[in-house]
Amino acid sequence: MCGELRAGDAGRQVVLMGWVNRRRDHGNLIFLDLRDRSGIAQVVLDHDLTPEGHAKGEQVRPEYVVAAVGKVRLRDQDAINPKMPTGEIEIEATEIRVLNDTRLAPFSPAEEAIQNEEVRLKYRYVDLRREEMQRNFRLRHQITLAIRESLSQQGFLEIETPILTKSTPEGARDFLVPSRIHPGEFYALPQSPQIFKQILMISGFDRYFQIARCFRDEDLRADRQLEFTQIDLEISFPRRETVFGVVEQFMQAAFAAAGVTLSIPFPRITYDEAMRRYGTDKPDPRLPGLTGVRAAFTDADLAALQIDPALPVVALRIPNVGELSRKQREENHPLFDLKKGAKFIDDFKRLAKGFPEAAVKVRELAGASDADFVIVVAGDPAHPIKASDTKFEGRLSEREINVYAAAGNFRSELAKKYADRHGAFRVTEETVAAAHARGPQDTVDGSRAFHPIWLTDFPMFEYDLASGKWVPAHHPFTAPYEADMANLTSDPASVRADCYDLAMNGLELGSGSIRIHRKDVQQQIFSSLGISDEEARARFGFFLDALEYGTPPHGGIALGLDRIVMLLAGAANLREVIAFPKTAKAIDLMAGAPTTVTEQQLRELHIRVARRE
RNA sequence: GGGGACGUAGCUCAGUUUGGUUAGAGCGCUGCCCUGUCACGGCAGAGGUCGCGGGUUCGAGCCCCGUCGUCCCCGCCA
């Protein structure tokens, strides 16, 4: 292979096959950089040594596929290229064969990624030739392999579940597949293997896992694709600790495969605490959290500032942003989500004029230096949100959560925008770069760059104002805390779920729970959700049946493989670690999917399209 | 469904503020020259539906309306 040749190979007769990365024509001497999966080697075509080879070399263009026959030789001392792994040698070619020519590609894979992602995706096969993409997929392979091996060693069995199946109880829209054999009936693509893995527990496979493709027909985001891959697992007779331990093990192995040392166990935080400190259930501790600054203001201050005194008053701080002009601050305003019933104060000069003591105290409480940018976020009495005011001992109310969420959102948007100034994300970038440079044999410490956090104690229900009902915050097989069971009907908001999320650097990596394994409990949950027996039977009938046949206590989790790879690749979106991804509008620009189909196909499927532009 | 950014040569971008002759640059591409380059170098050249449609105007890359595409976010989604 091109990239593997070293000084020790000098004298070897070789045949190299690959793509022409670059060509440097010096007249009677031509250099071809030949590229394959392993890297790049320099091939020399000397007119004196091989006139025919040289003549062919003149015809060759970048991205031609060629075979070079020749001898590996050491370069002269002054011709050594220290920037290339193969820089000490070159191939003295005696023969060259053009295996294939090429149309001129719209961009060169020898260079950095072009800005135009539309073109990259359309010519994905060219884009994937780039070194960065080759590295991302090698990394993905290594991570997947490490996870499989870790789980296998921990006693898990990989079992496949159906792709053509019945709608599963996750909240997302299903992809439907019409049945030819059964007119008017449809399969659904799995949103996750949730029900099947629980049935596998009932079936006695006490430790199951699957690197499973999942499908959800929802709008896409930088970290969301229509189809994505989960590391899905389930355990019989578990405690929550069992699940945490298993995940920590394979996460450590996965990161090690990427050359990063991850220390375990991972820290934990409750949902309420995460909202208080970060304003989100996917905390990013690389930057300072939120600080409660209610104490900095007198009641009169709050009244004058038109701030709701009953709601949290918090400061968010982005280090080292420096002073922002009024125009710069105004450009940030659209980043603030006004729909959360909160407002913000980002003009500290003005605040200091009207409320000098408060301004000083806020910065002091937030631990801000002069260069740090501080914003106060608080409840806006002029624009209260519609929310349930139900509040339970020690728990956050919905209005409170919304103020924290507004602050947390603003914090993460500003953190993204001013990444160059605060430098907190650079730690991760540098760690990723170092890991890639050193390879998995020699790992780098990821403790400052990667921050895994377990989140626990989520509320079991959310109040849905539209329907006036309590709806499950998770899928309806999530077990409530036993201690909270008594409140199930009287105080649904106070019930906590025995479920957990794993977050890292502001991304949700996965979530899981201990499941309900008893039919009576399941029925209670359904009834508290206002799901009738009939409805439950229609939606999950076969599963409820299965529950009656000796279901062991069980629980598990599913983690997003794509997101893990994305973090370890240092990529900004999932498309960088998925070979053939879809655009934000759910289109495959290379394949051209989706498309219309022939009338014949529709007829066979008993489908008539109602309207088509 | 909503908000925002972007759309000019194959690619990266300037030109849009203040409408005015033939729309520019770098890279890439084509041809010629070059024996130690490695982002090779030199000379010459080709390459444009200014995303698309409509409007205003004597005149539109530039102003207005609509529309399409890509990206980010909200809604939606574990």
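Below, chain A is the first sequence line, B the second, and so on; all start at residue 1.
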Pair up each side-chain donor or acceptor in residues 74-89 of chain A with any protein partner under 3.5 Å, not counting sequence neighbours, and list the distances.
from	atom 1	to	atom 2	distance (Å)
A/Arg75	NE	A/Gly87	O	3.3
A/Arg75	NE	A/Ile89	O	2.8
A/Arg75	NH1	A/Ala79	O	3.1
A/Arg75	NH2	A/Ile89	O	3.4
A/Asn81	OD1	A/Lys83	N	2.9
A/Thr86	OG1	A/Ile40	O	2.6

With a 3.5 Å cut-off and sequence neighbours excluded, list the donor-acceptor pairs that the side chains of residues 103-115 of chain A form with protein atoms.
from	atom 1	to	atom 2	distance (Å)
A/Ser108	OG	A/Ala110	N	3.0

Atom pairs, N/O to N/O, protein against nucleotides 66-68 of chain B, distance under 3.5 Å?
none

Report each atom pair, protein N/O against N/O of nucleotides 27-34 of chain B, whose distance is under 3.5 angstrom.
from	atom 1	to	atom 2	distance (Å)
B/U30	OP1	A/Arg61	NE	3.0
B/G31	OP2	A/Arg61	NH2	3.1
B/C34	N3	A/Asp25	O	2.8
B/C34	N3	A/Gly27	N	3.4
B/C34	N4	A/Asp25	O	3.3
B/C34	N4	A/Asp25	OD1	3.1
B/C34	N4	A/Asp25	OD2	3.4

Look for any protein N or O under 3.5 Å of an N or O in nucleotides 69-73 of chain B and output each such pair with its distance, or none.
from	atom 1	to	atom 2	distance (Å)
B/G69	O2'	A/Glu118	OE1	3.3
B/G69	O2'	A/Glu118	OE2	2.7
B/U70	OP1	A/Thr583	OG1	3.4
B/U70	O4'	A/Glu118	OE1	3.3
B/C71	OP1	A/Ala584	N	3.1
B/C71	OP2	A/Ala584	N	2.8
B/C71	O3'	A/Arg575	NH2	3.1
B/C72	OP1	A/Arg575	NH1	3.3
B/C72	OP1	A/Arg575	NH2	3.1
B/C73	OP2	A/Ala222	N	3.3

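Dashed line: the shortest gap from a side-chain N or O of A/Gln191 to OP1 or OP2 of B/A78 is under 4.0 Å. Contact between the side-chain N/O atoms of A/Arg22 and the OP1/OP2 oxygens of B/C40 is found at a separation under 4.0 Å. In terms of phosphate contacts, A/Arg24 brings a side-chain nitrogen or oxygen within less than 4.0 Å of OP1 or OP2 of B/C40.
Among residues two or more places apart in sequence or in another chain, the salt bridge (Lys or Arg N to Asp or Glu O under 4.0 Å) test is passed with A/Asp9 by A/Arg12. In this structure, A/Arg563 has no side-chain hydrogen bond (donor to acceptor under 3.5 Å, both in side chains) partners at least two apart in sequence or on a different chain. Not counting sequence neighbours, A/Lys166 has no partner by the side-chain hydrogen bond (donor to acceptor under 3.5 Å, both in side chains) test. By the salt bridge (Lys or Arg N to Asp or Glu O under 4.0 Å) test, A/Asp281 is found to be paired with no residue, residues two or more places apart in sequence or in another chain being considered. With sequence neighbours left out, A/Arg130 forms a salt bridge (Lys or Arg N to Asp or Glu O under 4.0 Å) with A/Asp127, A/Glu132. Legend: residues meeting salt bridge (Lys or Arg N to Asp or Glu O under 4.0 Å) with A/Arg129, ordered by chain and number and at least two apart, are A/Glu63.
Nearest nucleotide to the A/Asp337 side chain, out of B/C74, B/C11, B/C76: B/C74. In this structure, of B/G75, B/G10, B/C38, it is B/G75 that holds the atom nearest to the side chain of A/Arg224.
A donor atom on one side chain and an acceptor atom on the other are found under 3.5 Å apart for A/Asp457 and A/Tyr481.
For the residue pair A/Phe450 and A/Leu567, the shortest heavy atom distance occurs at CE2-O, 3.8 Å.
Figure legend. B/C6 is base-paired to B/G69; pairs are counted as Watson-Crick or G-U wobble with both atom distances under 3.5 Å.
Residues of residues 83-95 of chain A that place a heavy atom closer than 4.0 Å to RNA chain B, in numerical order, are A/Lys83, A/Met84, A/Glu90.
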